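See structure below.
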Amino acid sequence: MWPLPTLPKTYHFCPPQLSLDPLGPEWDCPLGSKDLQEEEGPWGGGSGLPPPGCFPGSWRHDVGLDCKGSPEGADAQAWTVYYYSVLQSCLQQAGLPETQDRSQVPRTGARGLQGGCPGAEVTLCILGSPSTFLSVLLEAGVQSPGNMLLCLSPAWLTKVPAPGQPGEAALLVSKAVSFHPGGLTFLDDFVPPRRATYFLAGLGLGPGWGREAAELARDLTCPTGASAELARLLEDRLLTRRLLAQQGNVAVPATLAFTYKPPALLRGGDASPGLRLVELNGKEGQETLVKEEVGAFLHSEALGDALQVAVKLSGWRWRGRQALRLYPRAEQGPVVDTVLALLEKLEEEESVLVEAVCPPARLPFPGSPPPGPELALRICAVVCRTQGDKPLLSKVVCSVGRGDRPLRHQSSLPRTLEAALAQCGLAEASQVAIVRQRVKAAAEAALAAVLTLEAGLSAEQRGGRQVRVDFLGVDFALTVAGRALTPVALEVNGGLCLEACGALEGLWAAQHLGLAAEEAAAAPLVETMLRRSARCLMEGKQLLLLGAGGFSKKFVWEAARDYGLKIHLVESDPNHFASQLVQTFIHFNVTEHQRDEENARVLAELVRARGLQLDGCFSYWDDCLVLTALLCQELGLPCNPPAAMRLAKQKSRTQLHLLCRRGPPWPAPSLYAVPCCPLESEADVDRAVRQVPLPGVMKLEFGAGAVGVRLVKDALQCREHFSRIARDLQGEADHPGIGLGWGNAMLLMEFIEGTEHDVDLVLFGGRLLAAFVSDNGPTRLPGFTETAACMPTGLAPEQEAQLVQAAFRCCLGCGLLDGVFNVELKLTGAGPRLIEINPRMGGFYLRDWILELYGVDLLLAAAMVACGLRPALPAHPRARGHLEALVPGEYEEPYCSVACAGSSPAEARHRLLGLCQGLGIDGPHYPVAYFLSHFK
């Protein structure tokens with residue numbers, strides 16, 4: 001709780017905060033003096049011309065805004081020109097270059113096509129005001145270059161029936177402004193049109209573009225971030241307040257609502273504290289009821305210390321253009337009269353609200369308050385849906401203004417929470433952190449409540465099967481409840497809060513200062529757009545998978561079902577549990593590696609005989625990697641060359657090959673390779689100890705899980721360990737799943753001092769799309785079984801970048817250009833050194849950790865690459881927390897992992913150590929504190 005301090009003799013008050021936004025110019029005029037009028041313009045409805053905006057600056061106006069085949073009327077053309085000017089003005093004020101017109105040469109070729117079908121790449125499409133969505137457009141231009149498209153007119157888009165999906169349509173983009181890194185934008189035509197994989201529209205009311213946008217967003221096959229149906233629900237303040245109070249336990253203003261024939265979602269249900277709903281079947285003859293209800297409300301304890309109430313209308317028709325009246329709480333008569341007057345204006349499912357005006361939070365102001373009028377504070381939060389439908393606060397922006405005038409979006413300057421609270425007298429860092437945490441909790445609870453509502457709606461109620469709420473803006477007032485500063489949710493909205501956050505970021509961008517340590521408000525939303533696009537692209541894809549793996553790969557079958565993948569499995573075990581979870585099961589011995597070329601041809605014939613129409617083929621199981629590459633070659637499917645897979649699969653060949661790769665370019669892969677010598681006989685051991693400096697490391701050439709890896713200090717230990725492996729691990733039956741099907745040859749490599757790290761890479765066409773670095777704890781020498789891990793890395797950014805570049809260049813040096821790879825390295829005083837390359841997705845906990853922290857699924861990325869599709873990944877993913885894990889015969893291997901999450905590495909480490917002590921894992925023979933010592 002936030003204890004109220006003893007107040008000094010002088011105070012600075014945060015005055016009452018109005019709860020409607022945006023307010024019309026006649027914010028305190030007699031209600032009913034102005035009839036409801038349709039807003040003009042495409043996004044609000046109406047058929048008028050755009051406002052006579054004055055856009056300072058100059059840019060070319062002779063650009064091709066017409067869309068061939070979709071002529072526009074004069075009014076619609078005026079709006080297209082208007083929004084193009086808005087875009088140029090926004091770019092100019094952000095210090096970004098003018099849009100270049102490339103429409104005379106349409107974008108053609110492979111973009112948008114695969115096998116003659118549109119939609120083989122990510123296409124994020126927004127139809128709306130550039131000023132509202134600029135932060136999203138610029139962020140997506142960085143995260144997915146060239147794939148973020150802004151449409152300035154509905155005529156630039158076309159809906160076409162989707163084959164095999166009755167009642168649904170694909171959305172094609174014929175013209176758009178495309179966004180690229182550095183704020184570069186291009187006006188492009190697309191022939192053939194690009195197929196949208198994600199659509200987000202700014203929705204309005206009434207005739208005109210608002211209705212066209214709503215129709216375009218309805219019943220699409222691609223993921224959709226907004227619909228008129230959901231907007232109608234979220235714009236109903238009464239519904240959202242009840243939802244937030246009941247489902248999210250979020251504080252809302254005390255409210256009395258008179259609702260005329262309420263919607264089904266407002267009928268019945270449990271009562272909400274401070275919310276009183278009075279259902280009306282008629283609008284006339286309600287004087288006695290209104291007088292009784294208003295009187296009881298004004299005298300109720302629910303209003304707390306509120307001295308004023310506001311009377312307003314609620315409903316889709318009234319959003320953003322109604323007047324309201326403020327009354328002292330003691331004036332019951334005028335409140336009753338106003339309510340009765342407004343009842344006449346109601347249509348079905350609309351309401352008249354009487355609500356408490358949140359009393360001001362009295363903040364201590366050091367010294368004397370500054371001269372001038374008292375200041376009002378409003379808090380605006382943007383919260384986004386992330387991986388696993390988890391809400392995440394993206395950014396908080398505040399506005400400060402005169403207390404005698406209402407604060408509203410677009411009429412006040414954005415500030416950070418810290419600056420706004422300091423302006424109002426609260427500058428102590430710990431107290432500001434408490435306020436931020438409470439805003440975060442309330443905003444995330446608000447979106448969680450909305451997602452719960454959404455999950456209970458049918459596809460028709462949402463506006464389509466693919467419609468979801470991917471972000472939410474929440475406006476708060478700051479008041480005192482129970483001697484604690486408490487954010488009170490006034491309303492939810494979409495674009496207004498997002499626009500405010502973008503405006504704050506624009507203040508820095510215009511001066512080229514930047515906030516390098518702070519993530520853009522739109523970043524989590526863009527990640528969600530990309531993630532949902534990937535699902536759209538991969539739904540229904542037919543994939544051949546070689547090797548099912550063990551129980552630790554159980555997530556594969558759950559994820560395949562969730563993504564809508566059609567898996568055809570090739571597996572040696574005829575009784576494998578996964579045989580019942582796939583489209584097709586092919587029993588085939590994949591462990592006879594001396595016959596891989598022959599087996600690839602046999603498998604190809606089996607695939608053709610079964611008539612499988614495959615989009616891709618891949619594997620995450622070590623035993624099957626080379627066979628997979630050979631089979632892809634036989635079937636003509638995308639994959640790395642078999643020679644590259646063989647090179648990466650055999651550890652000594654990897655190192656010796658890279659030692660010869662001296663560049664250019666520089667730094668060359670040879671700088672990361674480690675001297676080694678292959679061992680197939682005892683004579684090789686004697687030769688190796690003369691070539692490789694000792695101490696050294698002996699390991700299986702094709703091994704996995706660190707089984708058989710050992711530190712050796714002299715020639716005698718080398719011979720003893722070689723003999724032990726030759727005796728104990730002769731074939732697959734001796735230790736299944738560690739690569740003995742390839743034989744039990746070994747190698748001796750130089751022992752490298754330093755900390756150990758994993759780098760998981762996603763490559764496509766030889767380009768690095770994503771990299772995730774984790775830290776490993778010290779091993780139990782002389783063995784090298786992993787003991788502990790931490791993600792994200794605790795290394796300095798430069799060291800992290802060195803590891804990523806080392807892993808990337810080693811993969812390229814081996815010819816690995818496409819896929820998901822796990823590279824193990826050590827960071828020494830002289831830089832990174834390669835331990836080995838695993839030419840497949842990282843095993844054990846890595847996939848789950850990366851999914852949890854970064855929202856990136858390596859399994860889906862690997863499947864996309866296998867289908868020849870560029871994975872839809874953010875270019876600069878950021879971790880959403882910290883994870884640490886403990887990984888607890890003669891040949892030790894991991895059995896399980898115990899992991900703890902925390903907001904910082906120290907918190908995660910403290911939790912993990914306590915848990916291991918409680919479970920009895922920590923002890924003299926397994927010193928957990930030592931294993932975690934690298935993570936301080």
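Nothing here was measured: the structure is a model prediction, and the numbers come from that model.
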One pair to check against side chain to side chain contact (heavy atoms under 4.5 Å, CB included): E824 and E756. What are the steps and the verdict?
CA-CA 7 Å; E824 300 175 25; E756 188 172 337; 4.0 Å; yes
Would you check if [X] and [Y] make a side-chain contact, meaning some heavy-atom pair closer than 4.5 Å?
{"X": "D775", "Y": "M791", "answer": "no"}
{"X": "R532", "Y": "Q466", "answer": "yes"}
{"X": "V865", "Y": "P638", "answer": "no"}
{"X": "L768", "Y": "L761", "answer": "yes"}
{"X": "F588", "Y": "L546", "answer": "no"}
{"X": "F764", "Y": "R870", "answer": "yes"}
{"X": "Y620", "Y": "N838", "answer": "no"}
{"X": "L763", "Y": "L812", "answer": "yes"}

With a sphere of 6.0 Å drawn around [atom1] of [X], does it hold more than 12 non-hydrogen atoms of other residues, nucleotides or ligands?
{"X": "R687", "atom1": "CZ", "value": "yes"}
{"X": "Q613", "atom1": "CD", "value": "no"}
{"X": "E682", "atom1": "CD", "value": "no"}

A170: side-chain contact (heavy atoms from CB on, under 4.5 Å) partners, not counting sequence neighbours
V160, R195, T221
Test side chain to side chain contact (heavy atoms under 4.5 Å, CB included) on C676 and L656 and set out the steps.
CA-CA 7 Å; C676 67; L656 295 173; 4.0 Å; yes
State the [atom1]-[atom2] distance between [X] and [Y], to the nearest 0.5 angstrom.
{"X": "L581", "Y": "H576", "atom1": "CG", "atom2": "NE2", "result": "9.5 Å"}
{"X": "L630", "Y": "L635", "atom1": "CG", "atom2": "CG", "result": "11.0 Å"}
{"X": "H593", "Y": "D623", "atom1": "NE2", "atom2": "CG", "result": "3.5 Å"}
{"X": "Y198", "Y": "T528", "atom1": "OH", "atom2": "OG1", "result": "7.5 Å"}
{"X": "L851", "Y": "L858", "atom1": "CG", "atom2": "CG", "result": "8.5 Å"}
{"X": "R561", "Y": "K566", "atom1": "CZ", "atom2": "NZ", "result": "11.5 Å"}

Without swapping roles, check the side chain of [X] against the backbone of [Y] for a donor-acceptor pair under 3.5 Å.
{"X": "D615", "Y": "L543", "answer": "no"}
{"X": "S670", "Y": "R661", "answer": "yes"}
{"X": "H721", "Y": "G708", "answer": "yes"}
{"X": "Q583", "Y": "L565", "answer": "no"}
{"X": "S533", "Y": "V122", "answer": "no"}
{"X": "S619", "Y": "G547", "answer": "no"}
{"X": "D848", "Y": "Y845", "answer": "no"}
{"X": "Q650", "Y": "S652", "answer": "no"}
{"X": "N589", "Y": "T591", "answer": "yes"}
{"X": "R531", "Y": "G855", "answer": "yes"}

I'd like to know if [X] and [Y] make a salt bridge, using a cut-off of under 4.0 Å between side-chain N and carboxylate O.
{"X": "D389", "Y": "R385", "value": "yes"}
{"X": "R880", "Y": "E527", "value": "yes"}
{"X": "D562", "Y": "R535", "value": "yes"}
{"X": "E720", "Y": "R710", "value": "no"}
{"X": "R719", "Y": "D686", "value": "yes"}
{"X": "K826", "Y": "E750", "value": "no"}
{"X": "R608", "Y": "E605", "value": "yes"}

Going through the checks in order, is the side chain to side chain contact (heavy atoms under 4.5 Å, CB included) test met by N822 and R847?
CA-CA 11 Å; N822 171 257; R847 179 262 181 182; over 6 Å; no
Once the angle between the rings of F585 and H587 is folded into 0 to 90°, is it parallel (under 30°), tilted (30 to 60°) or perpendicular (over 60°)?
parallel
Hey, mind stepping through R601 and E598 against salt bridge (charged side-chain N to carboxylate O under 4.0 Å, His left out) and telling me if it holds?
CA-CA 5 Å; R601 291 190 291 270; E598 178 186 348; 5.6 Å; no
Which atoms form the tightest heavy-atom contact between [X] and [Y], and what is the distance?
{"X": "L816", "Y": "P839", "answer": "CD1-CB, 4.2 Å"}
{"X": "A548", "Y": "K553", "answer": "O-CB, 3.8 Å"}
{"X": "L627", "Y": "D596", "answer": "CD1-O, 3.5 Å"}
{"X": "V856", "Y": "L873", "answer": "CG1-CD2, 3.5 Å"}
{"X": "G815", "Y": "N640", "answer": "O-OD1, 3.9 Å"}
{"X": "G550", "Y": "W621", "answer": "N-CH2, 3.8 Å"}

Assess the side chains of D758 and S774: does a donor N or O sit below 3.5 Å from an acceptor N or O?
no
Let me see the working for L220 and E168 under side chain to side chain contact (heavy atoms under 4.5 Å, CB included), right down to the final yes or no.
CA-CA 5 Å; L220 293 177; E168 294 187 350; over 6 Å; no
Start with the C-alpha gap between H568 and Q542, add the side-chain angles, then the distance that decides, and say whether side-chain hydrogen bond (donor to acceptor under 3.5 Å, both in side chains) holds.
CA-CA 7 Å; H568 308 276; Q542 308 277 340; 2.7 Å; yes
Mind running salt bridge (charged side-chain N to carboxylate O under 4.0 Å, His left out) on E836 and K699 for me, showing each step along the way?
CA-CA 11 Å; E836 63 188 45; K699 59 172 70 175; 3.3 Å; yes
Quick one, R194 with T123, criterion side-chain hydrogen bond (donor to acceptor under 3.5 Å, both in side chains). Give me CA distance, side-chain angles, the key distance, then yes/no.
CA-CA 7 Å; R194 288 182 65 166; T123 301; 3.1 Å; yes
